[in-house]
Amino acid sequence: MISEQAEKQIKKMMKPMITHFGASLNEWTLTIRFDPMANEKYIKRMEVRLCDRFGDESFSAPIRSVERDENDYWSAQAVLALEPIQQSLFERDYWDFFIRVSIDQSLLEQVYAELDEVDADAAANVHESAPDETVALDIRLRAAGRRQSLDVFSIYNEENDQMLIPYYTNRKRLSLRVDEVHVMSRIDRVAISRNFMLTLEGHVVFPFSDVLSRPDIQKKILLVDADEKIIAEWRAENVERPDLTEEAKSLGRNYDWAGFSIVLDLKPIATQFADVEAPTSLYFRMELTHKKNGMLFTEHPVRILARRKVITGRHIIKLNGLKKSLIVKRNRNHSLVFQIAPYMIRDAVKRKVRRSVGRIRKSKAFIAVYHRLFQTLSHLPQKKNLVMFESFFGRQYSCNPRAIYEYMRDHCPEYQLVWIANANYIDLFEQYQLPYVKRFSLKWLMLMTRANYWVTNVRLPLWMSKPKDTIYLQTWHGTPLKRLALDMEEVHMPGINTEKYKRDFLAETARWNYLISPNAYSSEIFARAFGFENEMIESGYPRNDFLYQSNDKGTIDAIKDRIGLPKDKKVILYAPTWRDNQFYGKGRYRFELALDLQRMRESLGEDYVLIMRMHYLIADHLDLSEFKGFAYDFSHHEDIRELYLISDLLITDYSSVFFDYANLKRPMLFFTYDIEDYRDHLRGFYFDFEKKAPGPLVLTTDELIQAVKKIAESGFAVSDHFDEFYQKFCLLESGHSAEKVVKRVFK
């Protein structure tokens, strides 16, 4: 065992950095630099590893040719052969580069001796280990200094008609992605004159050997709006780039005429939007036309990306008598964008202040002071009867906190009830005219540290030290099917390992005074999996009171009218859960839609609509424009309880939503296309889900369609297992759970 603190220290000592990435048709060559603090005598073995980001497949290559330079950095080289692994690389979406370092135990002893806070157990384990035992660490590979251009090293797979593209992430980490074949366009230089003449110089890359070798290649710059409607277009001048050809020589590609240059007058474009009051953003695109077999082919226009931060400066000009602010810059996804906005001195000052405040608030020093201030203020006297509510990190007005709030609002006027709102979701709280405070604001700090009660359905950050007299009511947000917390054998989430995840979970649950449970089954699991030793309130979930109190035709029709659903079709609700190993980064999960919406619309579109509700952790936004009138994205609908009520049938997978939906005694289907992986590798189940699920399990879209038709033929009857399931999981819920909780905690 190695402590987290020691692991960080060793990674800091090693600090491996990519200084050069080279490629040929058969192999990749990586040159890696190590910090002078990294002493070779402690290194038993090193290898470069290429790991599937969302799974456990990996490939490795040994590191060799270690030598010191004049600055005492030492470098090594690894060669990764492509031929044995190339086909496998195209079977996954993303790959990440690591260096695995096997270190001598003596280095651990040295590190523990130098650390201020020694992990006694871990240090003891070091001394008890055999002398020749080693510890292996995986360290993410980053770029050293300015990132090397990697576009020319993309690999084309003719069989799949896909590209494998090496790239650096925003944090300079080396990765690969699989993508459709497309042109890549980059800006190398941007300049703008006082009369707003914009100069763009850059290059394009395309993974075919001869497309960019001739001077007759046509490059066109397009300017489009948010809907990709073309506002203007210009023909760019071809520029010779023998340097790119030299760089791609090992791949046998010719990029002699990959460069382009153009000077654009943007004032006439801005004049078109002179009378538009709202700010307008226009986006640059590159369209490439080339000859193939004697015919002209035009590739799909692509974003023009800027490698470095590009801001040409804000230019103020008069258009039709109105002052306008014009700027060309790189936006968050690195695209080049032209912005036109009304100019007001007040807005300019606000913008500058906002940027300065934003930089300060993100600084480590400010965050440390803020956390310390929270701890200090938490010693002030409590504000009796102040209750702070939060649902899913302040993004929703929903779930058990909402039900408890609504009961207290109507029956407990002596309490001051305040909601915590994420800054991006304030409109929702204002829409419901709720008393709210912006999350992590100064006002939030003053209220949260002195509140008599905290009510939330997810974990709170550990740096929020709970005041001694504050009562923390944890409502949680589901009946457990998947293994939770301490019951999980391995954690596959980004930014955390299994040991730390469990340690943090125990530290959090120790702060809970009360925990709500929907049934006896959940109480037993919560107590064990959360290590919870305080009072369990076995009341049923307050959020399900609504399903008993509002299950009538008038309410259902009113909801459908409000959200724009037809009343002459049956409603199918699809509400899947998230996958621990599918993520973009810490706290940002993705979801790969396995449903064939085209097949579903063809077979069910005449009689049904499909409403989709993704899990709150999933970061993706569904694009359902192609299925307008059949599929609707309600992932950001404020509360799923309304979607339960209006739906005639639920489709889910391993989400706990089916425990709640069962209260309506309506049919359910389980689309479990990846059940073996989920059951055996990711989470595992608490009961025999495949035998006890209150509805059939299906593996494909075609099976799903047939199951929906069979349910319709039965008159939307529930499955044979349903009554047994209902008796075990829903018996406590009758529409009065919120009342039970409030009387126990607040009265």
[atom1] of [X] to [atom2] of [Y]: how many Å apart, nearest 0.5 Å?
X	Y	atom1	atom2	result
T456	Q474	OG1	CD	6.0 Å
L669	D653	CG	CG	12.5 Å
N400	R543	CG	CZ	5.5 Å
I646	I563	CD1	CD1	3.5 Å
F392	H477	CZ	NE2	6.0 Å
S655	Y574	OG	OH	10.0 Å

Can you tell me if [X] has over 12 outside heavy atoms packed within less than 6.0 Å of its [atom1]?
X	atom1	answer
K569	NZ	yes
E228	CD	yes
L699	CG	yes
E606	CD	no
D561	CG	yes

- Report the C-alpha separation of D723 and Q727 in whole Å, then their side-chain angles, then the decisive distance to 0.1 Å, and conclude whether the side chain to side chain contact (heavy atoms under 4.5 Å, CB included) test is met. CA-CA 6 Å; D723 288 340; Q727 291 296 317; 5.5 Å; no

- Given the rule in the side chain to side chain contact (heavy atoms under 4.5 Å, CB included) test, do E390 and W454 qualify, once you have shown the distances and angles that lead to the verdict? CA-CA 8 Å; E390 182 181 277; W454 293 351; over 6 Å; no

Flag side-chain contact, heavy atom, 4.5 Å: [X] against [Y]:
X	Y	answer
I705	R599	yes
R613	L573	yes
L732	P518	no
K665	F722	yes
L645	N551	yes
M600	V708	no
Y405	V387	no
K329	V337	yes

- Query: Which class fits the ring pair F671 and Y673: parallel under 30°, tilted 30 to 60°, perpendicular over 60°?
  - Reply: tilted

- Which of parallel (below 30°), tilted (30 to 60°) and perpendicular (above 60°) describes Y472 and W512? perpendicular

What are the two closest non-hydrogen atoms of [X] and [Y], and how far apart are they?
X	Y	value
K728	N519	O-CB, 4.0 Å
R641	L547	O-CD2, 3.8 Å
I711	P667	CG2-CG, 3.7 Å
P542	V741	CG-CG2, 4.1 Å
L460	M448	CD1-CE, 4.3 Å
F526	L484	CE2-CD1, 4.1 Å

Cationic N near anionic O, under 4.0 Å, [X] to [Y]:
X	Y	value
D557	K567	no
E713	K709	no
K229	D227	no

- Query: Taking the six-membered ring for Trp, is the centroid-to-centroid distance between H721 and F725 below 6.0 Å?
  - Reply: no

- Task: Determine, using ring centers only, whether F659 and F729 are less than 6.0 Å apart.
- Result: yes

- ring-ring contact (aromatic ring centres under 6.0 Å, His included) partner of W476, chosen from F530, F532, Y541: F530

Determine whether the side chains of [X] and [Y] contain a donor N or O and an acceptor N or O closer than 3.5 Å.
X	Y	answer
Y397	E406	yes
S517	S522	no
S647	Y661	yes
S635	D633	yes

- Task: Please say which of N452, V455, L417, L447 ends up in a side chain to side chain contact (heavy atoms under 4.5 Å, CB included) with M388.
- Result: L447

- Message: My understanding is that only one of R402, Q396, R395 makes a side chain to side chain donor-acceptor pair (under 3.5 Å) with S398; could you say which?
- Response: Q396

Is [X] reaching over with its side chain to a backbone N or O of [Y], donor-acceptor style, under 3.5 angstrom?
X	Y	result
N663	D660	yes
D648	F716	no
T652	A575	yes

- Task: Would you please test E739 and Y407 for side chain to side chain contact (heavy atoms under 4.5 Å, CB included) and show each step?
- Result: CA-CA 7 Å; E739 180 182 357; Y407 181 86; 3.2 Å; yes

- Task: Decide whether a cation-pi geometry holds between R459 and F505; the criteria are a distance under 6.0 Å from NZ or CZ to the six-membered ring centre and an angle within 45° of the ring axis.
- Result: yes

Exercise answer: donor-acceptor pairs, residues 419-432 side-chain atoms, under 3.5 Å, sequence neighbours excluded:
residue : atom : partner : partner atom : Å
N422    : OD1  : N424    : N            : 2.9
E430    : OE2  : Y436    : OH           : 2.8
Y432    : OH   : E638    : OE2          : 2.3

- Task: Start with the C-alpha gap between I516 and L473, add the side-chain angles, then the distance that decides, and say whether side chain to side chain contact (heavy atoms under 4.5 Å, CB included) holds.
- Result: CA-CA 8 Å; I516 296 177; L473 170 59; 4.0 Å; yes

